[in-house]
Enquirer: 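Here it is: the structure, laid out below.
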Amino acid sequence: MIFKRQFNQRKALRFRQFTRKGYALFACLGRVVTIGVLSVATLRSAAVTTTDTLSVVGTTVVGDSVANSPDKEATLDDVEITGSRAPLALGQAARMVTVLSREEIQAAPVQSINDLLKMVAGVDVRQRGPIGAQTDIGIRGSTQEQITILLNGINICDPQTAHNAFDLPCDLSDIIRIEVLEGPASRVYGTSSLVGAINIVTNDGKSKNSEVRVEGGSFGYLSSAGRLAVSNHALSANFSRSDGYQRSKAGALNSDYSGVKAFYQGAYAKEQIHLNWHAGVSTKGWGSNTFYSAKYDEQYEHTTKLFTALKTNVQCSMFNVQCATYWNRSYDRFELIRGDESKVPFNHHRTDVFGINLNSYFDWQWGRTALGAEFRNEDIVSGNLGEPLSNPHGEYKNGLNRSNLSFHAEHNILLKRFTLSAGFIAVKNTWNEMPFTLYPGIDASLRLGDHWKLYASYNASLRMPSFTELYYSVGGHKADKYLKAEEMQAVEGGVKYSSRWLTVQTNIFHHHARNMIDWVMDTRDTDPVWQSVNHTKINTLGEEISLNGLLAFGSWHLAYCHLHQSKDEQPFLQSQYSLEYLRHKVTTQLTISLGSILSPLTTHLSPLTLTIGYRWQDRMGSYTTVDGEVRAYHPYSVVDARLAWNNDPYSIYVEGNNLTAHHYVDYGNVVQPGCWVTAGIKLTLGAFSTGGINK
């Protein structure tokens with residue numbers, strides 16, 4: 001950033017965003033301070049950016065004049081997002097990033113992160129069971145393999161398969177925000193983010209509140225969770241189970257599930273050194289009914305995932321150096337016939353991912369520059385994935401190891417009303433002897449007046465095939481270990497209008513993809529099988545529009561996304577993923593404070609709030625039933641609602657999902673549950689302290 005030396009002048013600093021850090025206010029002593037008002041709308045896209053446009057109210061603190069005062073507006077730790085290699089405040093970001101705040105997460109009628117993401121218009125959530133039992137998530141027509149899932153900025157993607165990518169160790173109570181970056185993001189997140197990324201940010205010790213929650217509902221659903229916060233440490237745990245919403249032909253459970261997860265996070269800060277770390281585990285098993293094969297309706301899967309990461313941030317003079325080291329391990333056992341491998345052996349897999357990420361940035365007179373590198377090693381041992389092991393052990397007869405090395409550079413020009421971010425990532429992967437390949441990108445945003453903002457971007461990206469796509473050749477599948485990496489080039493433009501009561505943003509984008517990977521089946525064959533193939537080229541044209549507003553008694557949200565692909569499914573060719581995209585999706589949500597409406601007569605109802613969500617979507621593609629009939633997907637709509645009594649320190653709520661009890665199919669041969677009702681109570685406890693200094 002550029003600073004101009006001035007003497008004996010009193011400058012006014014406008015606080016646009018606030019932090020709970022104890023030292024925040026003291027940073028401004030001796031300066032004139034103007035404080036703006038921040039309002040949050042439900043599911044507001046990039047909600048906190050509205051502070052750009054809010055009028056300043058008349059709260060002023062006056063002190064002594066300060067020499068060397070910055071010749072620009074200053075902010076107090078504006079919320080930083082990971083939409084670029086160099087961290088930028090959300091108001092400065094050159095790309096549109098959807099941010100779901102903690103308040104929005106708590107108000108939504110959902111029990112899992114998977115359900116929460118359904119309300120984002122550009123996100124495709126395909127569940128093969130309720131409450132996140134198993135979920136595939138894509139962005140703008142992508143498959144679940146083509147996006148990056150991050151936990152506190154750490155890539156937690158499993159190279160075996162993305163089917164279980166959302167087996168997260170953290171509870172909803174841990175999350176302070178979710179960032180959704182739509183569009184290619186390889187130069188920011190690496191080789192997994194072909195079409196976008198989802199970053200889940202948990203509390204790093206800033207919140208001192210502990211919490212206990214119990215809820216239960218339809219189909220034998222029961223969940224209990226707790227979170228304990230002590231100084232700069234937090235520990236959470238969750239248990240959930242359900243009998244499931246359907247049975248097999250033999251009358252046995254086939255959509256039941258149960259799981260346990262635990263998550264620990266800590267932080268340390270002293271002068272220029274800041275440390276953050278986390279460790280977590282998620283283990284669960286669920287009846288997979290006909291998830292992977294329509295011929296077998298008693299499938300079962302069990303996964304265990306371990307997560308560890310350490311992040312170090314060192315500030316030295318004008319340089320900021322960030323280093324992250326992580327190791328994740330995943331176990332997966334799939335049973336085609338539940339509890340019986342006499343006919344079909346179980347599939348066993350274990351993956352280990354180790355990575356180290358170095359990113360540095362510095363500010364100088366021409367802007368902010370970021371440089372860095374990342375090394376990531378992916379290893380699998382399996383019963384059927386990879387090449388034969390020289391020393392087989394236990395269930396593991398095969399295996400594969402590959403490494404990815406990347407270097408990145410980015411420069412950001414930050415002016416009062418203009419941001420330009422340009423850079424590249426150079427990638428080399430040991431798989432298939434891939435040479436160093438360059439993928440560039442450039443993003444720009446222009447702020448017009450106090451209410452308008454224009455966006456434009458071009459980005460190139462890639463994705464390596466998963467181990468399943470390369471080697472899974474059992475159970476009616478035939479993989480190709482010579483698949484090419486997917487590549488994409490995308491352009492996007494958009495405009496955003498923000499005022500105190502209304503935010504509107506719209507954008508149009510075009511994706512040009514080649515070597516897209518999918519599982520396809522030729523129904524003309526006498527004994528058809530699913531084959532992993534590279535599609536030649538697929539062009540996608542899409543538009544999105546979202547509106548968010550505040551009311552005297554609440555807030556509302558409305559969004560629509562439309563996609564059109566140049567490659568449609570052939571009459572004789574069925575696609576399992578990439579051609580089964582959402583052509584239309586509409587989401588809307590209304591949050592009402594019932595007490596605000598009825599306050600003249602019944603002021604005691606002020607803690608009572610009602611949230612109603614509606615979603616309509618139309619999917620392209622078709623699927624083959626158990627009887628061999630080919631059926632097209634049909635449009636469907638879902639209504640959800642949540643009624644909550646929030647009276648600190650407790651909250652009592654009841655939620656209803658799919659209130660119209662509409663039975664629909666979002667993934668071939670897997671009928672979704674009807675009406676699902678949940679009730680619960682949450683108790684928020686005060687802070688616990690070890691007597692140390694909490695920063």
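Scope of the values below: all heavy atoms of this structure, side chains included, with no hydrogens, waters or symmetry mates.
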Enquirer: So which atom in Gln299 and which in Thr290 form the shortest heavy-atom distance, rounded to 0.1 Å?
Expert: NE2-CA, 3.5 Å
Enquirer: Any chance you could lay out the side chain to side chain contact (heavy atoms under 4.5 Å, CB included) test for Phe307 and Ile156, step after step, and finish with the verdict?
Expert: CA-CA 8 Å; Phe307 306 84; Ile156 59 171; 3.9 Å; yes
Enquirer: Can you tell me if Arg247 has over 12 outside heavy atoms packed within less than 6.0 Å of its CZ?
Expert: yes
Enquirer: Answer yes or no: is there a side-chain heavy-atom contact under 4.5 Å between Val344 and Glu335?
Expert: no
Enquirer: Please work out which of the three classes, parallel, tilted or perpendicular, describes the rings of His662 and Tyr636, given edges at 30° and 60°.
Expert: parallel
Enquirer: So do His477 and Trp530 actually touch side chain to side chain, heavy atoms under 4.5 Å?
Expert: yes
Enquirer: Could you check whether the rings of His562 and His584 sit parallel, tilted or perpendicular, using 30° and 60° as the cut-offs?
Expert: tilted
Enquirer: Can you tell me how far the CG atom of Asp167 sits from the OG1 atom of Thr304, to the nearest 0.5 Å?
Expert: 9.5 Å
Enquirer: What are the two closest non-hydrogen atoms of Ile442 and Asn459, and how far apart are they?
Expert: N-OD1, 4.0 Å
Enquirer: Side chain to side chain contact (heavy atoms under 4.5 Å, CB included), that's the test. Do Ile113 and Leu172 meet it? Break it down for me.
Expert: CA-CA 7 Å; Ile113 298 174; Leu172 278 174; 3.8 Å; yes
Enquirer: Any idea which heavy atoms bring Ala108 and Leu116 closest together, and the distance?
Expert: CB-CD1, 3.6 Å
Enquirer: If only atom types and distance count, is the side chain of Asn114 paired as donor or acceptor with the main-chain N or O of Thr135 below 3.5 Å?
Expert: no
Enquirer: Backbone N or O of Gly668 within a donor-acceptor pair of the Tyr633 side chain at under 3.5 Å?
Expert: yes
Enquirer: Okay, side chain of Lys261, backbone of Cys170: is any donor-acceptor separation there less than 3.5 Å?
Expert: yes
Enquirer: Would you give the length of the straight line joining atom CG of Leu168 to atom NZ of Lys305, rounded to the nearest 0.5 angstrom?
Expert: 9.0 Å
Enquirer: Measure across Trp431 and Leu470 and return the closest heavy-atom pair with its distance rounded to 0.1 Å.
Expert: NE1-CD1, 3.5 Å
Enquirer: Just by modelled atom types, is the Ala252 backbone N or O under 3.5 Å from a matching donor or acceptor in the Ser248 side chain?
Expert: yes
Enquirer: Testing the 3.5 Å rule here: is there a donor-acceptor pair between the side chains of Thr303 and Asn164?
Expert: no
Enquirer: Please confirm whether the backbone N or O of Ser403 pairs with a side-chain atom of Thr430, one donor and one acceptor, at under 3.5 Å?
Expert: yes
Enquirer: Distance from Ser193 atom OG to Asn199 atom CG, nearest 0.5 Å?
Expert: 11.5 Å
Enquirer: Which of these passes side-chain contact (heavy atoms from CB on, under 4.5 Å) with Leu194: Met516, Glu487, Met464, Glu145?
Expert: Met516
Enquirer: Quick check: are there more than 12 heavy atoms from other residues, nucleotides or ligands sitting under 6.0 Å from NZ of Lys397?
Expert: yes
Enquirer: Nearest 0.5 angstrom please: Tyr439 OH to Ser406 OG, how far?
Expert: 12.0 Å
Enquirer: Does any non-hydrogen side-chain atom of Val353 lie less than 4.5 Å from one of Pro159?
Expert: yes
Enquirer: Any non-hydrogen side-chain atom of Tyr300 less than 4.5 Å from a side-chain atom of Tyr257?
Expert: no
Enquirer: Below 4.5 Å, heavy atoms only, C-beta onward: do Ile337 and Glu298 meet side chain to side chain?
Expert: no
Enquirer: Determine, step by step, whether Leu579 and Met620 satisfy the side chain to side chain contact (heavy atoms under 4.5 Å, CB included) criterion, reporting the C-alpha distance in whole Å, the side-chain angles of both residues, the deciding distance to 0.1 Å, and the verdict.
Expert: CA-CA 7 Å; Leu579 300 183; Met620 300 297 294; over 6 Å; no
Enquirer: Ignoring hydrogens and angles, tell me if any N or O in the side chain of Asp518 forms a donor-acceptor pair with the backbone of Val520 under 3.5 Å.
Expert: no
Enquirer: Step by step, would you call Lys295 with Asp297 a salt bridge (charged side-chain N to carboxylate O under 4.0 Å, His left out)?
Expert: CA-CA 7 Å; Lys295 298 179 181 179; Asp297 66 349; over 6 Å; no
Enquirer: Which one of His510, Glu544, Arg140 satisfies the side-chain contact (heavy atoms from CB on, under 4.5 Å) criterion with Glu492?
Expert: Arg140
Enquirer: Flag the pair Asp256 and Arg338 as a salt bridge only when some basic side-chain nitrogen lies within less than 4.0 angstrom of an acidic carboxylate oxygen.
Expert: yes
Enquirer: Counting distance only, does the side-chain N/O of Ser186 pair as donor-acceptor with the main-chain N or O of Leu462 below 3.5 Å?
Expert: yes
Enquirer: Taking all non-hydrogen atoms of both residues, which atom of Arg376 and which atom of Cys157 are closest, and how far apart?
Expert: NH2-O, 3.0 Å
Enquirer: Please check this pair: side chain of Gln146 against backbone of Val195, looking for a donor-acceptor N/O pair closer than 3.5 Å.
Expert: no
Enquirer: Under 3.5 Å, is there a donor-acceptor pair linking the side chains of Asn401 and Asn377?
Expert: yes
Enquirer: Going by atom types alone, do Arg619 and Tyr667 pair a side-chain donor with an acceptor below 3.5 Å?
Expert: no
Enquirer: How about Leu181 and Tyr189: do any of their side-chain heavy atoms sit closer than 4.5 Å?
Expert: yes
Enquirer: Do the non-hydrogen side-chain atoms of Tyr471 and Asn398 ever get within less than 4.5 Å of each other?
Expert: no
Enquirer: Does any non-hydrogen side-chain atom of His349 lie less than 4.5 Å from one of Asn384?
Expert: yes
Enquirer: Check Glu387 with Lys481, please: is the shortest side-chain N to carboxylate O separation under 4.0 Å?
Expert: yes
Enquirer: To the closest 0.5 Å, what do you measure between CZ (Arg631) and OG (Ser622)?
Expert: 12.0 Å
Enquirer: Measure across Trp519 and Ala479 and return the closest heavy-atom pair with its distance rounded to 0.1 Å.
Expert: CH2-CB, 3.9 Å
Enquirer: Stepwise, does the side chain to side chain donor-acceptor pair (under 3.5 Å) test hold for Glu543 with Tyr560?
Expert: CA-CA 8 Å; Glu543 313 89 37; Tyr560 169 68; 5.8 Å; no
Enquirer: Short question: side chain of Thr437, backbone of Pro435 - any donor-acceptor pair under 3.5 Å?
Expert: yes
Enquirer: Checking Tyr245 against Gln672: is there a side-chain donor and acceptor pair closer than 3.5 Å?
Expert: no
Enquirer: Could you tell me whether a side-chain N or O of Lys585 sits under 3.5 Å from a main-chain N or O of Val123, the two making a donor and an acceptor?
Expert: yes
Enquirer: Looking at Thr351, Asp352, Asp158, which hits side-chain contact (heavy atoms from CB on, under 4.5 Å) with Ile380?
Expert: Thr351
Enquirer: Any ion pair linking Glu341 and Arg333 (charged N to carboxylate O, less than 4.0 Å)?
Expert: no
Enquirer: Quick check: are there more than 12 heavy atoms from other residues, nucleotides or ligands sitting under 6.0 Å from OH of Tyr296?
Expert: no
Enquirer: Any chance you could measure Ser255, atom OG, to Gln246, atom CD, to the nearest 0.5 Å?
Expert: 5.0 Å
Enquirer: Carefully, step by step, assess Glu182 and Met96 under the rule side chain to side chain contact (heavy atoms under 4.5 Å, CB included).
Expert: CA-CA 8 Å; Glu182 300 180 49; Met96 289 186 179; over 6 Å; no
Enquirer: Would you say NZ of Lys428 has more than 12 non-hydrogen atoms from neighbouring residues, nucleotides or ligands within 6.0 angstrom?
Expert: yes
